[in-house]
Amino acid sequence: MRNLIMIITLGLLSVLFLSSCENENALNFNDGFKIEFNTGKIITGKDILFYDSSTHLIYLKSGLELNQNITDFNVLIAKDTIYHGIIYSCILSSMPPSPYFIRDCFQYGNDILEVGYYGESNDLRNDPRIIDAFKNSNLLRNGISCKIDNVEIQSFENHSQVICTITIQNNDNFNYYILDPEKMGDLDFNYFTGGLILQNVDTKLSYPLRWSVQSGTWSNINMDDLSLLKKGSKVTYTFQSSDYNKMEPGKYSARFRFCGTEHCTPNINLNQKDGRVWVGQMLSDINNIVIKNK
């Protein structure tokens, strides 16, 4: 009899323990990050693989389907609304009427949700409450960072040559595949990323790539163009281009957009056996670049 009572007691304790775990998990998701669409559709932590805070990309466990009835959304932590946004069409060239938006074309695939922002300040996509919610649910990743180390400009009779050195840092405990200019070649790397955009500090004249000498392969990258950046490590790349208009002597600033696989993403398996292909984009700036009189 005593053994029977002990078995029944252990069984009841197990049921209560499992029930409490389920309730705790449900509570965590209810109190955590949530996107509510106007139709009533909801995305919570149980639908998310991870959030990359460096690119503001939300990686979903399954694809999200949008229709014309889904027009706007709220991002919440528990019952508090952090920000409101709209669904915006990719075919429109004008800026969205809301600073926060989700485009309906899913550039990286419908299982990667990109919340865009075009404001100049007070970007709430990495609000501390959002970061804490993802961290507490073990869904937070910090992605990579890009820093411009040095830019050299040489001006000739009818063009300028720009040599740029950047450092890419892996801020996660996870391996990423990233674009490698040494594998792609300088021409393809410059055109795929858009190259540096330079600006004369005094005249405010901008100097983007001229796109005058194009390659037939820059828009069709594959895994052969990527290299593995191991967890916690960094790599330095130097690339150059002579496809710039002549820049006069003076002080310049530069901006560079390091990006992932972009429009090629749907054609690439992001989950590789020794890491994941990094997608997204980030901007880096540098000032006090000087072109001297010869």
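Index from 1, following the sequence.
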- Message: Quick check against the 3.5 Å criterion: does N175 have a side-chain atom that pairs as donor or acceptor with the backbone of D274?
- Response: yes
- List the steps and the verdict of side-chain contact (heavy atoms from CB on, under 4.5 Å) for I35 and I58. CA-CA 11 Å; I35 301 178; I58 302 168; 3.9 Å; yes
- Message: Which residues pass the ring pair (Phe, Tyr, Trp, His ring centres under 6.0 Å) test with Y177, not counting sequence neighbours?
- Response: none
- Task: For N190 and D186, indicate whether the former's side chain and the latter's backbone hold a donor-acceptor pair under 3.5 Å.
- Result: yes
- Query: Do Q161 and Q240 have side-chain atoms, one donor and one acceptor, less than 3.5 Å apart?
  - Reply: yes
- Test log, rule ring-ring contact (aromatic ring centres under 6.0 Å, His included), inputs F256 and F239: CA-CA 12 Å; F256 177 66; F239 58 95; 5.3 Å; yes
- Message: Within this structure, what is the CG-NZ distance for the pair L49 and K61, rounded to the nearest 0.5 Å?
- Response: 6.5 Å
- May I ask you to decide if the ring planes of F156 and H159 are parallel, tilted or perpendicular, using 30° and 60° as cut-offs? parallel
- Determine whether the aromatic ring centres of F134 and F33 lie less than 6.0 Å apart. yes
- Task: Check for a donor-acceptor pair, side chain of H56 on one end and backbone N or O of N126 on the other, with a separation under 3.5 Å.
- Result: no
- Would you please say whether a donor-acceptor pair under 3.5 Å links the side chains of Y252 and N200? yes
- Answer yes if the side chains of N150 and T165 hold a donor-acceptor pair under 3.5 Å, and no otherwise. no
- Query: For K183, does the NZ atom have more than 12 heavy-atom neighbours from other residues, nucleotides or ligands under 6.0 Å away?
  - Reply: yes
- Would you find more than 12 non-hydrogen atoms of other residues, nucleotides or ligands less than 6.0 Å from N138 atom CG? no
- Message: Looking at C259, is its backbone amide N or carbonyl O close enough to the side chain of E262 to form a donor-acceptor pair, meaning the two atoms are under 3.5 Å apart?
- Response: no
- Message: For L226, is there any backbone N or O sitting under 3.5 Å from a side-chain donor or acceptor partner on D180?
- Response: no
- Spacing of D172 atom CG and S53 atom OG [to the nearest 0.5 Å]: 7.5 Å
- Task: Using distance alone, with no hydrogens and no angle criterion, decide if S212 and D243 have a side-chain donor and acceptor under 3.5 Å apart.
- Result: yes
- Task: Using only heavy-atom distances, determine whether the side chains of S94 and Y88 contain a donor-acceptor pair under 3.5 Å.
- Result: yes
- Do W278 and F174 have their ring centres less than 6.0 Å from each other? no
